[in-house]
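First the structure, in the form of structure tokens, and then the observations on it.
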Amino acid sequence: MEGKKTAVITNNLFLKYQLVGALAGHVAPISGQILFDGVIGWPVGGEGGLDSKLRISHALDFLIAVYGDCLEKSFVRMDLFWDLLSRMEIHSGLIIRDLSLLQKDYFFLALSVLFSFDLYLIPRTKFLMSKSAKPLRPFLHNQLEAKTLVSTSANKSFQREFCTDGLVLGVFGELLFSGGLDEAIRWADQNLEASNSADSDDEQFGTGLNLLNLDSSGDGADDFI
Amino acid sequence: MRRQVAIVFAISSYDIDRRSTGSSIGAWESIVNPLQIMLFFIGMRVGFSLLRGSSRYAAGGSTDMYFNIVVFIASGFCIAFLFRMVAIKALSGLKLRAPLYYPRIKPLDILLAMALNDFRALATISLGILGLVWCFTWSFQLDSPGLAISVYLITVLMALGFGICLVFLGRLNKWITRIVKRILNRLIIFTSGIFFATFELPEYVRPLVTWNPVLHAVELFRYSLNNQYPIPDISLVYLIWCSLVLLGFSLILYRTNESLLLESNSE
């Protein structure tokens with residue numbers, strides 16, 4: 001799978017979540033193990049890891065500290081990144097919770113584009129394929145050069161623009177078809193049962209894990225006697 | 001290794017930053033909360049001394065022969081509360097969970113970062129208070145700086161080990177968690193020597209408190225400030241053993257049960 005840009009096609013929504021969750025390290029695979037030589041990024045556009053109380057600059061400092069080596073390899077320079085953000089009037093001092101929905105989507109997608117990973121995971125593409133994300137798409141294309149992509153999105157225009165291979169999985173995760181993207185789509189159209197989720201891939205990405213920060217004010221001054 | 005250290009520091013800043021934007025006092029919040037408790041304790045101890053009036057051992061009791069009362073309480077507090085803060089937080093589960101979204105971050109990194117923040121806050125408060133007292137009384141004394149640093153670091157390791165064990169204990173049942181939390185609070189307050197010195201206790205009472213390794217840390221820390229301070233039944237070896245056993249056991253526990261910490265605590 002390394003070096004390929006694969007669209008995973010399946011009717012099982014849970015399987016999609018679990019696949020991306022297991023690759024991202026959020027859940028352990030039910031069986032087997034994931035072997036990949038390189039850095040696996042967080043799901044592209046995912047906003048799960050940053051607390052809404054953080055400022056933009058805090059969030060960026062945090063991710064640079066954690067993924068600094070991926071920034072060194074990146075095609076996107078910091079000045080360009082800030083320039084991209086300023087187009088949506090996003091500045092370093094803003095707090096994430098104060099951003100509009102559109103600004104949030106843009107900021108989290110821009111963060112994913114900023115770093116260069118060896119494996120990109122793309123579970124959702126509604127915003128990525130929208131008009132607002134158009135300035136970011138060329139940079140994602142650049143970052144994806146010679147890199148691996150796994151997408152569970154059912155968005156056909158995304159698949160045709162970003163993916164080269166297709167992998168059709170059955171309801172229980174069994175491999176039904178593997179090959180070029182066009183053949184895989186054709187095979188899936190003919191053999192998979194029609195699903196309600198086929199073209200609407202904008203469900204909130206979830207792995208069943210609660211990764212929200214909890215308020216820890218109760219740990220401090222109270223109850224010490 | 002270098003990256004993992006950078007990650008721990010990054011999570012530590014992440015937690016301070018997210019608290020600072022939600023608080024009117026900004027990043028000072030992490031210091032103000034423990035400072036309030038510490039000042040309350042100092043006020044309580046000084047108040048009792050005033051109530052007791054003049055005795056042959058002066059206002060602070062017999063401990064006043066060796067220490068200023070504020071230094072005495074502050075030195076006990078900075079060790080015992082470091083242990084308490086790390087342990088109680090761990091018992092409440094992994095509350096900072098969002099960073100786990102990033103594949104490079106593991107639950108242990110978050111526990112280490114939380115302990116680092118507590119360590120920073122208490123070390124800052126303690127150094128500030130000791131510095132102020134030394135400044136006002138013009139009597140600087142730190143007889144064994146090496147021992148002071150060693151005891152502080154050993155306490156951090158012991159707190160970390162104990163905290164990791166409690167993270168897993170806290171997942172069992174919320175009632176067990178509450179009971180353990182209350183017991184821990186009382187044990188730490190009343191047997192860690194924040195308010196008393198071991199040499200003040202009658203010999204037959206000492207075994208009731210000297211089982212507590214935090215007491216050994218507190219008393220050794222005071223001894224490192226003033227080598228004249230008597231520390232009967234207090235042992236550095238006991239403290240080191242307790243730290244190593246707790247840390248070793250906790251790391252084995254963590255290694256075999258890491259995936260449990262990825263699941264949310266139901267409480």
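The figures here come from the full heavy-atom set of this structure, side chains too, leaving out hydrogens, waters and symmetry mates. Chain naming here is simple, since letters A, B, ... match the order of the sequence lines and numbering starts at 1 in each. None of these values were measured; they are calculated from a predicted model.
- For the atom pair NE2 (A:His58) and CZ (B:Arg18), the distance works out to 13.0 Å, reported to the nearest 0.5 Å.
- The number of heavy atoms from other shown groups lying within 6.0 Å of CG (B:Leu208) is above 12.
- In terms of modelled atom types and a separation under 3.5 Å, the side chain of B:Tyr14 and the main chain of A:Leu63 share no donor-acceptor contact.
- Between chain B and the options A:Leu54, A:Ile95, A:Ile64, A:Asp61, heavy-atom pairs under 4.5 Å are most frequent for A:Leu54.
- Neither the backbone nor the side chain of A:Ile96 comes within contact range of chain B; no heavy atoms are under 4.5 Å apart.
- Summarising the geometry of A:Ile40 relative to B:Pro103, their closest heavy-atom pair is O-CG, 3.6 Å, with the distance given to 0.1 Å.
- Side-chain contact check for B:Arg104 versus A:Tyr67: some heavy-atom pair is nearer than 4.5 Å.
- When each of A:Ala65, A:Gly46, A:Gly25 is scored by its heavy-atom pairs under 4.5 Å with chain B, the top score falls to A:Gly46.
- The side-chain heavy atoms of A:Phe62 and B:Ser13, taken from C-beta on, include no pair separated by under 4.5 Å.
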- Message: A:His26 vs B:Tyr101, test: ring pair (Phe, Tyr, Trp, His ring centres under 6.0 Å). Steps then yes/no.
- Response: CA-CA 7 Å; A:His26 299 158; B:Tyr101 187 74; 4.9 Å; yes
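- With a threshold of 4.5 angstrom between heavy atoms, B:Ile105 approaches chain A through side-chain atoms but not through N, CA, C or O.
- Residues B:Arg3 and A:Asp69 form a side-chain contact, since some pair of their non-hydrogen atoms from C-beta on lies under 4.5 Å apart.
- Residue-environment remark: CD (A:Glu174) exceeds the threshold of 12 foreign heavy atoms within 6.0 Å.
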